[in-house]
Amino acid sequence: MFNIVIFGKPGSGKGTQADFLKNKYDLYHISTGDLFRKNISNKTKLGLEAMFYLDKGDLVPDSVTIKMLENEVLSNKDVNGYIFDGFPRTHSQAAALDAFLAEKGEGINGMVALEVTEDLLVTRLLKRGETSGRSDDQDELKIRNRFNEYETKTAVLKDYYQDQNKYFGVDGIGSIDVITKRLCEIIDKL
Ligand code: AMP
């Protein structure tokens, strides 16, 4: 299997790039944000549990998120590999993912990270909020809270993957095509 994590702050373009990469490398795309939003719109028990966190821009607790991720992998087993988008977001999630994949004799081949400055991201997210319908994209305080969650809980994952020689950052500013090319140059060598 070939498994990659696409990493970056909220609004850095992970979902957009993952859409291209999943086709190019024939990977199954798992976006935990999309899964939560699907559960919220379907009013499932999981959705009801997660909606307050998403609306505030807080991370959903690890226990809930890890279980959802594992269920999604187990329901989609016959694939060449996965592109994980928005997961892991905490040290516990990263450790759980490694352990879960190791049980299957698999692992993460690499983490590709989109590096973008925060000011640009706020502008991008507010613009996206005009059409995305996402309450967490429409309010600058919620956006700042998402960055705060990133800094305090998620940013450590750069070191986590760097320690395993699996972290590869790219400049996430530029046209979509140019950024895809930067990512592919790295992924082709993994
Ligand atoms: P995203 O679409 O990736 O920006 O995620 C939107 C929201 O979903 C986040 O602000 C969190 O509330 C929640 N979420 C998504 N992925 C995770 C995760 N791995 N851990 C905890 N919360 C998550």
Side-chain angles (χ1 to χ4, degrees), residues 3-22 27-74 76 82-101 108 111-116 118 120-158 160-161 172 183:
N3 300 310
I4 55 178
V5 176
I6 185 152
F7 191 64
K9 291 182 184 175
S12 58
K14 299 187 294 293
T16 306
Q17 293 298 333
D19 266 342
F20 286 99
L21 300 176
K22 72 172 182 202
L27 302 174
Y28 186 79
H29 176 201
I30 301 184
S31 155
T32 41
D34 286 350
L35 287 175
F36 282 129
R37 283 184 290 275
K38 199 160 82 186
N39 275 280
I40 292 169
S41 63
N42 291 339
K43 299 192 168 61
T44 66
K45 190 167 164 270
L46 173 72
L48 291 175
E49 212 174 333
M51 64 190 287
F52 300 101
Y53 298 98
L54 268 86
D55 181 55
K56 282 189 288 185
D58 284 346
L59 292 189
V60 178
D62 283 339
S63 54
V64 177
T65 308
I66 291 167
K67 201 155 69 185
M68 177 179 77
L69 187 281
E70 292 184 353
N71 284 337
E72 185 68 7
V73 169
L74 292 173
N76 297 281
Y82 301 93
I83 177 161
F84 297 101
D85 159 9
F87 186 96
R89 258 175 155 108
T90 63
H91 187 277
S92 303
Q93 291 180 16
L97 181 62
D98 276 348
F100 179 64
L101 292 175
I108 294 295
M111 166 183 267
V112 286
L114 296 166
E115 296 172 342
V116 186
E118 224 161 81
L120 185 64
L121 291 175
V122 175
T123 315
R124 268 196 203 174
L125 286 168
L126 287 170
K127 181 117 198 72
R128 185 170 82 182
E130 291 169 12
T131 52
S132 71
R134 286 179 54 173
S135 60
D136 61 344
D137 281 348
Q138 289 166 353
D139 176 337
E140 187 162 344
L141 282 178
K142 291 181 185 181
I143 291 174
R144 296 277 174 204
N145 186 44
R146 286 159 71 195
F147 289 141
N148 186 49
E149 289 283 79
Y150 180 92
E151 285 310 326
T152 54
K153 299 175 184 167
T154 308
V156 290
L157 296 183
K158 178 174 177 177
Y160 181 91
Y161 286 94
L183 291 169

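A quick note: this is a predicted structure, and the numbers were derived from the prediction, not measured. The first residue of the sequence shown is numbered 1, and numbering continues consecutively from there. Counting convention: from 1, in listed order, for ligands and their atoms alike.
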Original post:
Can you tell me which residue and heavy atom of the protein come closest to atom 23 (C) of ligand 1, and the distance to 0.1 Å?
Top reply: Phe36 CE1, 3.7 Å
Original post:
What part of Thr65, side chain, backbone, both or neither, has a heavy atom within less than 4.0 angstrom of ligand 1?
Top reply: side chain
Original post:
Any sub-3.5 Å donor-acceptor pair from Tyr161's side-chain atoms to Ala94's backbone N or O?
Top reply: no
Original post:
Has the side chain of Asn39 got a donor or acceptor atom that lies under 3.5 Å from a matching backbone atom of Leu35?
Top reply: yes
Original post:
With under 30° as parallel and over 60° as perpendicular, where do the rings of His91 and Tyr160 fit, or are they tilted in between?
Top reply: perpendicular
Original post:
In the protein, which heavy atom is nearest to atom 3 (O) of ligand 1, and how far is it?
Top reply: Arg89 NH1, 3.0 Å
Original post:
So, the side chain of Asn76 versus the backbone of Glu72: is there a donor-acceptor pair under 3.5 Å, distance only?
Top reply: yes
Original post:
For Lys56, is the nearest heavy atom under 4.0 Å from an atom of ligand 1?
Top reply: no
**OP:** Identify whether the distance between the nearest side-chain nitrogen and carboxylate oxygen of Arg146 and Asp137 falls below 4.0 Å.
**Re:** yes
**OP:** Run the contact test for Arg37 against ligand 1 with a 4.0 Å cut-off on heavy atoms, strictly below, and give the result.
**Re:** yes
Subject >> Interfacing atoms of ligand 1 (cut-off 4.0 Å, heavy-atom, Thr32) >> reply: 15 (C), 16 (N), 17 (C), 19 (N)
Subject >> Under 4.0 Å to a heavy atom of Arg134 - the qualifying atoms of ligand 1, by number >> reply: 1 (P), 2 (O), 4 (O), 6 (C)
**OP:** Check ligand 1 against Gln93 and write out every atom of the ligand that is under 4.0 Å from a heavy-atom position of the residue.
**Re:** 18 (C), 19 (N), 20 (N), 21 (C)
Original post:
Nearest protein heavy-atom contact for atom 22 (N) of ligand 1: which residue, which atom, what distance?
Top reply: Val60 N, 3.0 Å
Subject >> Atoms of ligand 1, numbered as shown, that sit under 4.0 Å from any heavy atom of Asp58 >> reply: 11 (C), 12 (O)
**OP:** Ignoring hydrogens and angles, tell me if any N or O in the side chain of Asn42 forms a donor-acceptor pair with the backbone of Thr44 under 3.5 Å.
**Re:** no
Original post:
Can you find an N/O atom of Gly86 closer than 3.5 Å to an N/O atom of ligand 1?
Top reply: yes
Original post:
Does any N or O in the side chain of Thr90 come within less than 3.5 Å of the main-chain N or O of Lys153, such that one atom is a donor and the other an acceptor?
Top reply: no
**OP:** Report the part of Lys142 (side chain from C-beta onward, or backbone N, CA, C, O) that has a heavy atom under 4.0 Å from ligand 1; answer both or neither where that applies.
**Re:** neither
**OP:** Mark yes when over 12 heavy atoms from residues, nucleotides or ligands other than Tyr53 sit less than 6.0 Å from its OH; otherwise mark no.
**Re:** no
**OP:** May I ask you to list the atoms of ligand 1 that are less than 4.0 angstrom from any heavy atom of Arg146?
**Re:** 4 (O)
**OP:** Could you check atom 7 (C) of ligand 1 against the protein and tell me its nearest heavy-atom contact, residue, atom and distance included?
**Re:** Leu54 CG, 3.6 Å
Original post:
Quick check: are there more than 12 heavy atoms from other residues, nucleotides or ligands sitting under 6.0 Å from CZ of Phe20?
Top reply: no
